[in-house]
Protein chains: 2
Amino acid sequence: MPSEPLESSNVVGHRMRSRREELGWSQEKVGVLIGIDESSARARISRYELGLHEAPVKTARQIAEALGAPLEYLYCEDDNLAAVLLSLAKLKPNARKQVVSRWLAELA
Amino acid sequence: MPSEPLESSNVVGHRMRSRREELGWSQEKVGVLIGIDESSARARISRYELGLHEAPVKTARQIAEALGAPLEYLYCEDDNLAAVLLSLAKLKPNARKQVVSRWLAELA
DNA sequence: AAACTAAGACTGTCTTAGCAG
DNA sequence: CTGCTAAGACAGTCTTAGTTT
């Protein structure tokens, strides 16, 4: 069972990979950006993306930041909502707060 | 350092606790709901909420579901956005899809 | 009742080294 | 060069048992 994925769904690894590929980056680049030694960066990122190992939240947060995404993006199970969370994070802080407040009022 | 929290921020534990308290449930109730034996349910949920231990994503997903929240809610670092994600999850599937699609178009 | 904690058992991750495409 | 994998070293969680409020 060492070669069996931890999760059949593997949302987090899936989001990590899709974001990384959108940016055209290697696994090594992502790993080194978050401070992993270049000798093990590829192995670790590979396992995260495949869902063989699970990154602790602290590490997931670093990867999300490196990929220009908010932490909740990595754990979002709906593709369209994930896209919303990503676009939202690209807004300037003030604009983002206004949008979120409006949505909150809309749903409340 | 065994008594030191893993994370100074501890978003996940914080969201678990606030949701559980909103529902007026005990830690044991949440644990038993996700299939933990009642003899260890309190200890495990307590450590998750305090951030002393980190729940694997599979367990976090079970807890989120028991608390009536989507997985991304537990990892959302912005309080207002977390409230949006929670409200959104309460809509019927069709209504939710429409809202998300509209937001996506609005930001794209 | 309810929440928290210590400690050993247990389970998963991380590094190293190397293979495959 | 880029991604993937085995295996031992290592770090984390889980259960049990018990304390605290």
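Each chain gets a letter, A, B and so on, in the order the sequences are listed, and its residues count up from 1.
- Within 4.0 Å (heavy atoms only), A:A55 reaches no atom of the nucleic acid at all.
- In terms of phosphate contacts, A:Y48 brings no side-chain nitrogen or oxygen within less than 4.0 Å of OP1 or OP2 of C:dT13.
- Rounded to a whole Å, the CZ atom of A:R42 is 14 Å from the P atom of C:dT15.
- Counted within 6.0 Å of CD on A:E38, heavy atoms from surrounding residues, nucleotides or ligands total 12 or fewer; the atom is thus considered open.
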Could you go step by step and tell me if A:E72 and B:R15 meet the salt bridge (charged side-chain N to carboxylate O under 4.0 Å, His left out) rule?
-> CA-CA 12 Å; A:E72 59 268 22; B:R15 299 262 175 260; over 6 Å; no

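- The bend of the helix from C:dA1-D:dT21 to C:dG21-D:dC1, defined by the angle between the axes of its first five and last five pairs, stands at 40° to the nearest 10°.
- A:A83 and B:L104 get closest at one heavy-atom pair: CB-CD1, 3.6 Å.
- In this structure, B:L50 places its CG atom 13 Å from P of D:dT13, rounding to the nearest Å.
- Listed pair A:R17 / D:dC4 meets the phosphate criterion, a side-chain N or O lying under 4.0 Å from OP1 or OP2.
- Nearest heavy-atom pair, B:E54 versus A:A55, reported as atom, atom and distance to 0.1 Å: OE2-O, 4.3 Å.
- B:H53 places its NE2 atom 10 Å from the P atom of C:dA6, with the value rounded to the nearest Å.
- For CD of A:E65, the number of neighbouring non-hydrogen atoms (other residues, nucleotides, ligands) closer than 6.0 Å is 12 at most.
- Distance A:L52 CG to C:dT13 P: 9 Å, rounded to the nearest Å.
- Across every non-hydrogen atom of A:R20 and A:W25, the tightest pair is NH1-O, 2.8 Å.
- At the heavy-atom level, A:E54 lies under 4.0 Å from the strands shown only through sugar-phosphate atoms.
- At a non-hydrogen distance threshold of 4.0 Å, nothing from residues 56-67 of chain B comes into contact with DNA chain C.
- The shortest distance between the side-chain N/O atoms of B:R44 and the OP1/OP2 oxygens of D:dT15 is below 4.0 Å.
- Within residues 18-41 of chain B, the residues that place at least one heavy atom under 4.0 Å from DNA chain C are, in residue-number order, B:R20, B:S26, B:Q27.
- For the pair B:E49 CD and D:dC14 C1', the computed distance is 17 Å after rounding to whole Å.
- Residues B:T59 and B:I34 share a closest heavy-atom pair of CG2-CD1, 4.0 Å.
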